[in-house]
Every structure is written in C-alpha cells, then in structure tokens.
Participant: 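Got a structure for you, written out below as structure tokens; questions coming shortly.
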Amino acid sequence: MDKTMDDIIREGNAYACIQCGRCTGSCPSGRECGLRTRKIIHMARVGIDVFKTEELWDCTTCFTCQERCPKEVKITDIIIELRNLAVKNSYYPSMADVPKIIIQNLYRTGNGQPLSPEVSKLRSIIGLDKEPNDIAKDKEALADFQKLLDGLPLMRWGGI
Amino acid sequence: MKIGVYVCHCGVNISNTVDVQKVISEVSALPTVAVCRDYQYMCSDPGQEMIAKDIRELGLDRVVVAACSPRMHEPTFRGAVEAAGMNPYCFEMANIREQCSWVHEDKEQATRKAADLVKSSVARAALLEPLNSTEVPVTHAALVIGGGIAGIQTALDIANSGYPVYLVEKDPSIGGHMAQFDKTFPTLDCAACILTPKMVDVARHPNIELLTYSEVESIEGSVGNFHVRIRKKPRYVNVSLCTGCGSCATACRLVGRIPSEFDMGLGKRGAIYVPFPQAVPLRYTIDPEKCLMLKHGKCGTSPKCVDACDRDAIDFSMTEEILEVDVGAIVVATGYKEFDPTIKREYKYGTFKNVMTGLELERIFAPSGPTGGKALINGKVPKKIVFVSCVGSRDKRIGNPYCSRVCCMYIAKQAHLLKEKIPDADITVMYTDMRAFGKGYEEFYERVQKEGIKYRRGNAAEVYEEDGVLHVRAEDTLMGEPYELEADLVVLGTGLEPSDAADAIGHMLHLSRSADKFFLEAHPKLRPVDTVIDGVFLAGAAQGPKDIPDTVAQASGAASHVVNLLSKDVILAEPIVAEVNTDVCAGCRICEILCPYDAHAFDEERNVMTINKAICKGCGSCAAACPSGAIAMNHFRDSQIVAQILEVI
Amino acid sequence: MDYAFFPGCIAKNVYPGIEKATRIVFEKMNVGLHDYPYSCCPPPGVVACYDKDTWYALGARNLALSEPDNRDIMTICAGCYGTLHNVWHELQHNDAKRAYVNEHLGRIGMTYKGTSRPIHFVDLLDGMRDTITQNKEVDLDLRVAVHYGCHYLKPTTVTGENSESPMLLDEIVGLVGCKSIPFKDRLTCCGAGGGVMSGEPELSLKIMERKLKNIKKADVDCIVNICSFCHMNFDQSQKKLESFDIPVLHLNQLLGLAFGVKHKHLGLHMNLVSTRDLVKKVKGAKKGRDEE
Amino acid sequence: MEQELKAHLKKLMASGDVAGIIALKSERGMAKPYLFADASELECLCLTPKYPMASVARLLLDEDGAARFAIVCRGCDERALRELAKRHQVDLDRLVIVGIPCDEEMARECACPEPFPSVVAVGTKLEQWEAEDIGAAYRAMELDEKLAFWKHQLEKCNKCYGCRNACPMCFCKDCELENALWVKHGRLPPEFPIYHMIRAFHLAGKCIACGECQRACPSDIPLMVLNTLLREDMEELFGYVSGTGADAENPLYTKEEMQ
C-alpha cells in the first residue's frame, strides 16, 4: 500500500496550507533545531524531494502543529508518511542506528525495549514475576509474531 | 407541429468537441423538425435574428436552441422568441456545452450525446404549452431589517426616491457596529462624524418610520405584497415624553454597575440607559433583565429614575406592541457579529485580561468609550503590543474558512491609532497574508510601516504568560525562524460571522445561506444584492464580510432594486408554478409539509389543497410527492419529462 | 469491571514499579486486569515512522488478542495508547486497511474485528472518582507538575480530547490532596517521541531541559505523568543533565502512595532521581493523619 | 371471545358515546363490513375473516360531519388508521378503537409484525410473538437471481387491481396505476416492473403489513416480500416504522432546513 508523494500531499490536505507558520511557531522541537514544519509542507507542495531532508527526523510527533493548523493540514501525519517514503527510498537519517536496534529487539523478543537481567531482578524484588507475562515468555506467540513480521514491509525497509 | 432547432458552436466551445453538422443532419430527419440551423454565436444579435426570421417566415410553433446552460441564456432566447411573436414558454433549451462538450473528450461519443440531448429536447418541445404570466399589484412601501450603516443607507436611498420605508432595528438605537468605531480606514475619518448625521437624517425623514428596539415577528406573502408583523419591545419610557436629558440614568441605583454592550463590556451603564450619547433616537430604555423594579417589583422605597424624571416619562406598565405593515419589498441588512475567540484556546482570550479583540480595542480609542479615548488597557498604558491576524477567519477548524476582508485593514488602522497615542510603543503585527485590496489601502499599509509598526509575516501560534507578562510565540516565516515577543497587550484580529438575527430572519424569508453561513445572493457575480426570493434583497455584511465603502455601495444597490420594483404598479408573476387539480386531490396534505416557501394553503371547506401562485417558486417538490398525481408543474408536466426521457433511453 | 491490561515495554522492562503500582491500585479499586501475550505496542516513533502498514498490523494483533473474551484494553502509557487507539480508529473506517491487516493476521490464524477498544487508564479513572476517594488513606498534600503526554491528547480528531486546556489529570491529582501547579508550557512535548529520543538524543535532551527549567521554577515536589515513556525520559534526562532533581511519579504510583501503599512496593526507589525526600514528606503526612 | 366482545360493544352502545359500531356482519354465510346502529343487530357480528376495516372507517367518516363511531380493530387495522390519520384521511378523535388480538394461526398467515393493537379490549394477546422473516430467502439471493425471481413473479400479474383495491392505505381519487403515461393501457402482463414499482414506492413509509394485497392477488404474487423489504429499508435508512403513533414523523414527508 505504498504511497507516492502526491498521495501524501493530497491525503494530508497540504494544498490547503497558507504558510501562516502557526505550526512552526507551535513546534517544541523547532525551538531547538532546524525543523520548520511550514517549510516542509511548502517543499512537499512545490515538488522538492522533501523526504531527503534530515530535519524530517527532528519531529517528536507531538501533533501540536496539526492541532493548531487553521486549514486542517495533517502536518504530523504528513511528516510520518514522508519518513516512510524516506525509508522506502533508503534515505535513512544518519543517526538511525538506535531505531534499528529497537526493530531488531522487537523481532527478537516482541518488545522494542527488551527485559534486561538487572530489571528482571528488580521485578522480583518488588514482587512481580521475574519475567513479564507477555510475548517474550510465550514462545508459541513469539514464533507467530515473527512469522507475522516476516511478511510485513518493515522487514523489507527496516534494513535488518 | 413545426419545430425550429438551432445549434450553437459557442465559438469553438462546442464545435471543438461536437460535430455540429452531424447533429444537424440527425435532428433534421425528425418529422416534427421544420428547420435546423447552426451558427457561431447563437446568442448574438444575428443569431437571434435568424431565429426570429424563421418564426415569422416559416410559422414555427416551437423553438429549440442547443447551446449553453439555460441558467446562462434561457432568458435571452425567451426574449427573442417573444419579440418574434411566439409564446416564450414554447421555447426549449438543450445544454450541449456544460453537459456535453465541456465534460467530454471523445468527439464521436460527445457528438452522439449532443444529438441525443437535442432530440430529447425536441420531444419535450412538442409537448410544451404556452403559458401566460399573471399580474400582481405592488404595495408601494419597503421594509429594511437592520439599522446599521447598511440599513441606514438603504432606507435613506429608498425614502429619498419617495417611497415609505419601515426601518426595524432590534437595539434601542440605530448605528450598528459602525457607531462603535472611532476612526475608519484608510482615510481616518471620524466614524461618528460621518455616521451620526445620517442617523439623524433617518430619524427626521418624512418617508422613514424608524422602529428601534423592535424585531420582525413574522413575514407572509410574496413579492409586491408582504405582510409583516413587527414586535415593538417595551422601553418602559414614553418616547414622546422623554427628552433624553439623562437625569434618570444618573439617578439609577445601578448606574455604573452593568456591563455596557455597546462598550463590549469594558464600560458600565445603569439599568436605564442609552447605548451611547449620540444614540438615535436619543431616548432612554430600561433593561428589563437588570432593572430592580421590573425584576423584583421594588427599587428601594421608590424608583429613583421616576423621581428624577421631570417629564413623567417612565412607565413600568408598558407592554410589547405588535405592529402590522404591508410592504412590496424587503431588504435584509442584519450585519455581522464579531467572532468569539474563546474557542481558540491557544490565544488565551478570556484567561488573560490583556488579550482583547479588535472590537474591544475599538471602544478604547473612542472618546465616548470607557477610557474616554485614552490608550489605557486595564489601567495601564501598554508599551509592547502584538496584533494577531486571522483569528476566526481562514480557519476550517472552527468552521470559518473564509477571509473576513476587513481585519488586515482594521489592524493597520488600530496599530496606527495606538502609535499615535503611544509614540514609544513597540507594535508588531503578526499576519498570514496582507490583504490591502481597497482604494487607498495599500498606501495606508505602507504608511503605517513608515510610522514604525513592524509587520512580521507568520501568524501567532500561541500566547502564554510568564511572571505576569504575556508572550506571543510565532514563526517569522520570511526568515524561517521561530521567535517570541513579550506583550503588554495582545489584540486579536477577530473575524466576522453572520449576526444572530440572521437565523430567524433567514427562516422567515426562506433565504438560503452559502457555505460560510452568510446569506446567499442570487448570483455571485451578476446579482449580488438579489436573493432567490423575489422582492427580497441583501445589503451589507449580512451577505458576507464587507468594509464600510462596500457596504454602502451594496446598500445603495439594494435600494435601487427596491425602487425599481416599487416604481411599478403591477409585476408579472412567473407562470412556472405548481397547480392543483382539485377533482383529484385527496387532501392528504403531504405537499403542504414539503413546500419550502409556504405556498400551500388547505381549503377546509372543499377538503383540497390550494397553491398561492405568487409565492410558489416552481421547485416541484409538491408535484413529485403527490401520491395521486393531483399536482402538476407547469412547464414540467410528467408527460413533457417522460417524453424527454424516453427519447434518450 | 475487567480489562485486558497492556503494560507496555517500559513499564514491564525498564520501570517495573509502574506495572506493580498499576496492579496494586487497580486491585484496590476492584478492577480486574488480565494478561495477554502482548508484543510492544509497537512504538509509533520507530515502527510507524518506518512503515505504517507494519504498525497497523502489529497493533491490530495486540488489539485482537482480547477480542474472544470481549475485553477492552487498558493502557498506562500515552505512547501505547497513541498506537493502539490510532490503529483502532483507522481500522474502524478504513476498510482497505482492515482487509490488509486481516490478510496478514490470517497468516498466523488470527482475525481483527475491532470489538475491543483501547482505553487510557486516566479516562477510566475519570469515571471512578468516588472509588479513588474511598480508597484514599493519605491526603498527600504535594505540589505537583502534571504532564499529560502528547499522544494521550492528540490528534484530537482521534482522541476527542481538549488539547489546549485539559483539566482531567489536574482534577485527579486533586482527589488525593495534591495541588497541580501551573507552569510555563505545561502541555509541550517532553522530547521523547517520534524516535527523537533514540535517534537524536541531544535534541531530545534540549527539549527536555527547557521543560525541566519551567517545572523547576514552579517549585514542585514531583512530576506526575500518565505515560511510561515520558516517565522514562523525565527520570533519565535529569540524570544526564545533572542540574535537576525533581522526583518523577507515574500517576498510578502517586495513587499508590495515597492509597497507603509502601513506596518500595511501588518501586519508587528504582527511579534514577531520588524520591527519598518526597517519600519522607508523604510519611509525615501519613503520620500526621495517624496521630489525629 | 366473540360473546365477550358482543357484551363489551353492547355496553359501549348503551353508554351513548358512539353513534354506531364499525365491524363485520355475517349474512347468509358471508361476512361484510357493517355499521351497527342497534344493539339487537350485534347478534350477527362476526370476527373473521380479516377485512381492511380502516378503509371502511375512512369512507364512513368522509360522509358524516361530527358523529363518533366505535371500530373493532386488529393490530393491522390500528396501524392503518394511524397512517391514514397522518395523511388527514381519518380523524382519530371521531373513532373509539375496540382492540382485538389475532390468534397464532392468523398471525402466522400474515407474518404480522405485531398481531395485536396497542390496547386490547377483549381477548388475550399472544405472549410471545416473533414473526417469520419472509424476506430471508430473498435477501440470500444473488442480484441476477433477484431479477429472475421478480420477472417470474410479476409476469403472473393480470392487472386486476386487486392488490390496490384491497389496500387500506390506498386513498387517492385518481390512481397513478391507471395513468397511461406510466402503465400502458391494454397490455398484459403490465410492462415489467413499472406497475409494481409504482405501487411499492407509493407504499414506502405507508405499508402497515396487513397482508391484504397478497391475499387479494389471484396469481399468488408474493407481494408481502416486496412490502417487507420496503419496511425494512424505511427502518434502516430513516428509523421509521409505519403504523407507529402520531408523534413518529414520516421521514419522507419532512424537509431538511434549507441551507
């Protein structure tokens, strides 16, 4: 169900944008870095390959811009879709190593953040089961989960 | 039956996609078609003359023109055939432009469709019946609803043409929003100086009956003959005795205790009041919601206003009166209300006192306002001021996608006035786009920038408070940098919405609204003051956000349409209306419920429905719904439509 | 009242005190919590940003697990809630996406029906105010800075919340005697989401630092959150920044304290930022009550 | 039940509240609608077969200006009266409804949605009643099967107008089924499917599921299947069940606010 740039712009309602900048003004990340949500929407509309820009990965997806947009441009949704597009075109951000580890963990244990021996110990100290009663413990469920993940696009794009 | 068919090329609009010659050859073969011709521009004079000549020389019974939309040129061709001696309702139009050439690319198929459309029109034309308009007498008087600048101008123009006008205003004084302004952009005319003389003219005009503190209760009838019921709310002050001296207001126990609507709640009034010193009529009114006497039946030992009034004008026994008037035309000038920015929570209006709306600031400037014209915001002179544009405009989230048109300029004006009063003020305008489209507006925009007002493109994202100081956050979109500004005063450039009165009035008159909720004009380009209801016209911001010059221009436009109508003794009623066959009607009254114009009236005596031809707009709802086929639409009879359909299937 | 319990990976595998506190608090309030072989939500910042379709499919798997038992799913993390609720919302009206998800789930013998709704525990607490008051043993009398968590509030087209002036969390801490102290930019993001914490830790820390400065100025006893992921960011970042020491409590830990649960059972001692002074203060309040 | 009803009606008559009673009279082994004006006549009153009593009331009320009548009503009759009242064809203030329930056999025969009136004056209504879903088999068909089904059924029509004549809801003075514009004169069977489509559309929001049309049909066309589907659509699309009380507004006769 791959989306093109045009799909993303249309579904995200980007043509309604009036470049008022309320989004950037609201952006908690943009205060600290070069992310300019307004500019991303502009670039997307004029046909620049905005998915190649690294600022795309500075967004914390807090949705404040999308909430405040007077024209109902789905700014955060667009940014997420553009990231998908970037991944599909192998434009990984330079610092994407940690996310990859998270994806590997997800595949291996069913959890992006797996259980460490230290925390396992802490769990028993406060009276919880040493291992949570979840997928990591249920080997059959984990095998199914891996089978599910094997057939999903993330494994194709995730660079694992 | 001799039918003449005329196929238009519409320049190349039609002929580029439709093979006109092929259409002609197919249509010519029909037995009822006596002549079939084509022409480059059928609507032009030679085109019309071609048709007229055939009517005269060939004795045509019916004419079919295949061209553009009937909305565009049906009236043109009806006029043409009528001039040539044919009944205009024996004319039929096939739309082969909007419904064919403009929407298709395949020439062959488009040609086939065009031929089908023309043939089906020929089939219908054969069954058309000549119709005759009926004459309706005209009542030579007008009703103007709303006493703002739009209503004032309309009433004066109509009255000056010699016709009586009833001007109805719900508030105790006419003047509307314009009376609340200090100066007007871009000329910086004093609003009161240009408005109040007109208000006085209205009050003194022999042809105007001014009905303030009154509301329209109901409207019946149709063009030329409306019957209007007007409710005059009790002022509890006899206006013929009151001289407007104001002794009562000073005496009122509640003086200075009630937020004044006119001052946007920033100033205070008593229970007996005039909205503002230049009110017309300058007569006092008692607020029944607040007056101790009216609410609780007692006011100390005796009402102080009564004691203070030398003229014995105060009368607590007053009740509302219903006034019934007959008019031939109505102008709706219900104006606008300011957008309430409370729902734009990020701007913290209502949370922080120093965040205010444009209209509120307007009262601060006014010499008669709560600060006596001094630039004091909550007792202090603001030094850092931020204006925020497009609050409640161009905003889909809150349902106002339209531009309010006046905010850019009133912000510029207000920034100028603030700068004038506080020369060392640091004023920034955060804007989305600058719209300075009117005469002298662009020049004014330049002027205020020269005065030191900073314009920064990029609208405010949010307002927050820290250590008692307001901050406004935004992106300067031209620099691509987010920034924050401290502010002692944040002015929200609030947009315009239709006034609350529009709901009731719109309902009474069956007026449509456009998507922006303002009243819908009959045609956005060519009939901006008409509505689809004959005899009902629009003036001012009731039709859409407008500045004062545009409002006044439209008001005069509406007045001219009214005068045009009132200058006739009779008008012709459109014969395309529904008719009831009373022999067949079973009296189930379904049609009555469905009629959007209340044109139906049930005859209890005969147990059948009747339709008022003058009110009926010919929409056909009733005819479609009638289970027994007792209602027929003239010009759109079942037989005519079936013939048309059978031809294409 | 019974719910499927979705603890999420942080509360299970990093801050188990949150999981524990949740189990204790909800048991006291007579809400049954049931475990399922959940994977992590999966995280919106990484999985949704890399491939949304995978995100939908894995999220739908989690949602489908309690469908046979007809149980709605309680989450205790805004991130998990964001994922599960957004997936649920999308699949409610996007038939193509639903078919896609079911095509994949079919490979492991599962179907997604959409009958089990994800619910954030704060919304659950909203309807249980009396139960909270009844279980309260200590009036905590703390000044707290509340943090809502972006994905609990937004996008409002999905959540239906008020994202500019929410009061729910402020009211709930008020029920146990805490005072929610307003502070500048109280609703801004903590900086963890969107993969920024893992992908760009320095940026994330800058956003957090600004937030912490504002909180510090408000002079509060602790930060109360309703999101394990924000919780982790608040606690770990203070350690990294070194200039802050504001204790961080998940709301369920705060409720635990108010319900008279020992702080060690709530795992408060496992936080990187010491909660000792806070615990002492609460003990004082408790003692004061006992003596009365 | 019959004896009980007679006693009830006698009392009603004696009270002087009503000018007469509309019910069925048995005469020479045949039942016919009758206006009982005298208590002695009530001996000949009968309850079966079913008869569209609402039509009788409509015609009778048309004649006389003010008099009130009692009417012996089954569930369907009451529903019919309610719908007629919404169309100003009967004045319910002039009628005293004497409700009687249907037994299970009668109810089954019509697949009646509710085989008893709102108030049962005499007799006991069925405790548990669930009508047979007569639309089920039809709904299971594929689109082309549906077309074939109706083609076959409607070809049996010999245009006797029995369905219309029996229908308590048909009250038009001129009938569109006789308008040559829609239904060509002198053609058998009538052109598929216009004749029956017109009837169906005219019954949308109107049919009260009394089954009279199907009983009247000499060709056994399953008209109630068509009517049932129509009733279902009305309920599903507009939440309207015809035959319900006066406060339920017919959605087809309401107008949206003009925007």
Side-chain angles (χ1 to χ4, degrees), chain A residues 1 28-29 31-33 57-64 66-67 74 76-77 79-81 83-84 87-88 93 95-96 98-99 101-103 106 110-116 119 122-123 126-128 132-135 137-138 140-142 144-145 147-149 151-158, chain C residues 7 9-10 12-14 16-17 19-20 23 35-40 42-54 57-58 61 96-97 100 104-105 107-109 150-151 154-156 163-164 185 188-189 191-196 198-200 203-204 206-207 210 264-267 270:
Chain A
M1 307 182 100
S29 196
R31 273 162 228 158
E32 317 293 349
C33 67
W57 299 85
D58 293 340
C59 168
T60 63
T61 69
C62 77
F63 282 98
T64 311
Q66 186 159 326
E67 279 311 316
K74 298 175 188 168
T76 318
D77 290 342
I79 288 175
I80 293 172
E81 292 289 359
R83 286 180 177 185
N84 276 226
V87 170
K88 276 161 206 171
M95 49 294 197
V98 183
I101 294 170
I102 293 173
I103 292 170
L106 179 69
N111 285 307
Q113 180 71 53
L115 184 69
S116 64
V119 177
L122 290 175
R123 286 182 61 91
I126 56 172
L128 286 167
N133 200 13
D134 70 355
I135 190 164
K137 197 170 168 184
D138 187 337
E140 207 175 308
L142 184 61
D144 271 352
F145 179 77
K147 191 174 156 195
L148 176 63
L149 205 40
L152 286 166
L154 180 70
M155 303 323 278
R156 216 180 331 144
W157 310 123
Chain C
C9 54
I10 308 296
K12 287 185 300 198
N13 298 342
V14 186
E19 179 186 337
K20 179 71 182 182
R23 293 192 189 274
D35 295 341
Y36 289 86
Y38 287 130
S39 68
C40 77
V46 178
V47 178
C49 289
Y50 273 56
D51 185 75
K52 255 185 139 176
D53 286 339
T54 303
L58 299 188
R61 177 192 165 275
K97 199 63 86 187
Y100 174 88
H104 281 279
L105 287 178
R107 291 192 284 110
I108 58 166
C150 300
H151 294 166
K154 296 166 277 184
T156 53
S163 70
E164 295 287 352
D185 286 344
T188 54
C189 175
V196 172
S198 53
E200 295 188 67
L203 171 61
S204 175
K206 275 192 202 162
I207 299 173
R210 203 187 271 249
K264 283 200 172 167
H265 291 169
L266 301 168
M270 293 171 182

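Chain naming here is simple, since letters A, B, ... match the order of the sequence lines and numbering starts at 1 in each.
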Participant: Do C:D35 and A:K137 have side-chain heavy atoms sitting under 4.5 Å apart?
Facilitator: no
Participant: Might you work through the side-chain contact (heavy atoms from CB on, under 4.5 Å) test for A:S29 and C:L203, ending with a clear yes or no?
Facilitator: CA-CA 8 Å; A:S29 196; C:L203 171 61; 3.5 Å; yes
Participant: Does any N or O in the side chain of C:N13 come within less than 3.5 Å of the main-chain N or O of A:S116, such that one atom is a donor and the other an acceptor?
Facilitator: no
Participant: Non-hydrogen atoms of chain C under 4.5 Å away: do they reach the side chain of A:L106, the backbone, both or neither?
Facilitator: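 Answer is side chain: those atoms of A:L106 sit under 4.5 Å from chain C.
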Participant: Under 4.5 Å between any side-chain heavy atoms of C:T188 and A:T64, yes or no?
Facilitator: no
Participant: Is there a donor-acceptor pair under 3.5 Å between the side chain of A:D134 and the backbone N or O of C:P37?
Facilitator: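 Side chain of A:D134 to backbone of C:P37: no pair is present.
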Participant: Has the side chain of A:R123 got a donor or acceptor atom that lies under 3.5 Å from a matching backbone atom of C:P16?
Facilitator: no
Participant: At what distance, to the nearest 0.5 angstrom, does CZ of C:R61 lie from CG of A:L148?
Facilitator: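 With rounding to 0.5 Å, CZ (C:R61) is 7.5 Å from CG (A:L148).
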Participant: In terms of heavy-atom proximity below 4.5 Å to chain C, should A:D138 be classed as side chain, backbone, both, or neither?
Facilitator: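 Side chain only.
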Participant: Against chain A, label C:T156 side chain, backbone, both or neither, depending on which of its atoms sit under 4.5 Å from a heavy atom there.
Facilitator: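 Its backbone and side chain both get close to chain A.
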Participant: C:G45, C:C9, C:A57: which one forms the most heavy-atom pairs within less than 4.5 Å of chain A?
Facilitator: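 Greatest number of close heavy-atom pairs with chain A: C:C9.
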Participant: Using a 4.5 angstrom heavy-atom cutoff, name the option from C:P43, C:A48, C:S204 with the most pairs to chain A.
Facilitator: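 The candidate making the most pairs under 4.5 Å is C:A48.
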Participant: Where on A:E140 is there a heavy atom nearer than 4.5 Å to chain C: the side chain, the backbone, both, or neither?
Facilitator: neither
Participant: Quick check for you: among A:P132, A:A141, A:G112, which has the greatest number of heavy-atom pairs under 4.5 Å with chain C?
Facilitator: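 That would be A:P132.
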Participant: Would you check, one step at a time, whether the test side-chain contact (heavy atoms from CB on, under 4.5 Å) holds for A:L152 with C:D53?
Facilitator: CA-CA 8 Å; A:L152 286 166; C:D53 286 339; 5.8 Å; no
Participant: Heavy-atom distance under 4.5 Å to chain A: side chain of C:H151, backbone, both or neither?
Facilitator: side chain
Participant: Give, for atom CD1 of C:I108 and atom CZ of A:F145, the distance between the pair rounded to the nearest 0.5 Å.
Facilitator: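 The distance works out to 9.0 Å.
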Participant: I'd like to know if the side chain of C:K20 reaches the main chain of A:I126, judged simply by a donor and an acceptor atom lying under 3.5 Å from each other, with no hydrogens or angles considered.
Facilitator: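 The answer is yes, because a donor-acceptor pair under 3.5 Å joins these two groups.
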Participant: Checking the side chain of C:K12 only, and the main-chain atoms of A:L115 only, is there a donor and an acceptor separated by less than 3.5 Å?
Facilitator: no
Participant: Counting heavy-atom pairs under 4.5 Å to chain C, which of A:I79, A:D77, A:I102 comes out on top?
Facilitator: A:I102
Participant: Over all heavy atoms of both residues, which pair between A:L154 and C:Y50 is shortest? Give the atoms and the distance, please.
Facilitator: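 Heavy atoms only, the tightest pair is CD1-CB, 3.6 Å.
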Participant: Can you tell if the side chain of C:C150 reaches within under 4.5 Å of the side chain of A:F63, non-hydrogen atoms only?
Facilitator: no
Participant: Step by step, work out the side-chain contact (heavy atoms from CB on, under 4.5 Å) result for C:D51 and A:V87.
Facilitator: CA-CA 8 Å; C:D51 185 75; A:V87 170; over 6 Å; no
Participant: Which heavy atom of C:H104 sits nearest a heavy atom of A:G151, and at what distance?
Facilitator: CE1-O, 3.1 Å
Participant: Can you say whether C:K264 sits under 4.5 Å from chain A via the side chain, the backbone, both, or neither, judging by heavy atoms?
Facilitator: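 The backbone, not the side chain.
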Participant: Taking atom CD1 of A:I135 and atom OH of C:Y38, what is their separation to the nearest 0.5 Å?
Facilitator: 11.5 Å
Participant: Does some side-chain heavy atom of A:T61 sit less than 4.5 Å from a side-chain heavy atom of C:P44?
Facilitator: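 C:P44 vs A:T61: side chains apart.
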Participant: When you look at A:L128 and C:R23, which way does the side-chain contact (heavy atoms from CB on, under 4.5 Å) test go after all the steps?
Facilitator: CA-CA 10 Å; A:L128 286 167; C:R23 293 192 189 274; 4.1 Å; yes
Participant: Of the backbone (N, CA, C, O) and the side chain (C-beta and beyond), which part of A:P28 lies under 4.5 Å from a heavy atom of chain C, both, or neither?
Facilitator: both
Participant: Counting only heavy atoms closer than 4.5 Å, note whether A:E32 contacts chain C via side chain, backbone, both or neither.
Facilitator: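 The answer is both parts of A:E32.
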Participant: Spell out, as yes or no, whether a donor-acceptor pair under 3.5 Å connects the side chain of C:H265 to the backbone of A:G127.
Facilitator: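 Answer holds: no.
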Participant: State the CD-CD1 distance between A:Q113 and C:I10, to the nearest 0.5 angstrom.
Facilitator: 4.5 Å
Participant: Contact part of A:Q66 toward chain C, heavy-atom cut-off under 4.5 Å: side chain, backbone, both or neither?
Facilitator: side chain
Participant: Measure C:V14 against the heavy atoms of chain A and call it side chain, backbone, both or neither at under 4.5 Å.
Facilitator: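 C:V14 touches chain A through backbone and side-chain heavy atoms alike.
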Participant: Where on C:L105 is there a heavy atom nearer than 4.5 Å to chain A: the side chain, the backbone, both, or neither?
Facilitator: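 Contact with chain A is through both the backbone and side chain of C:L105.
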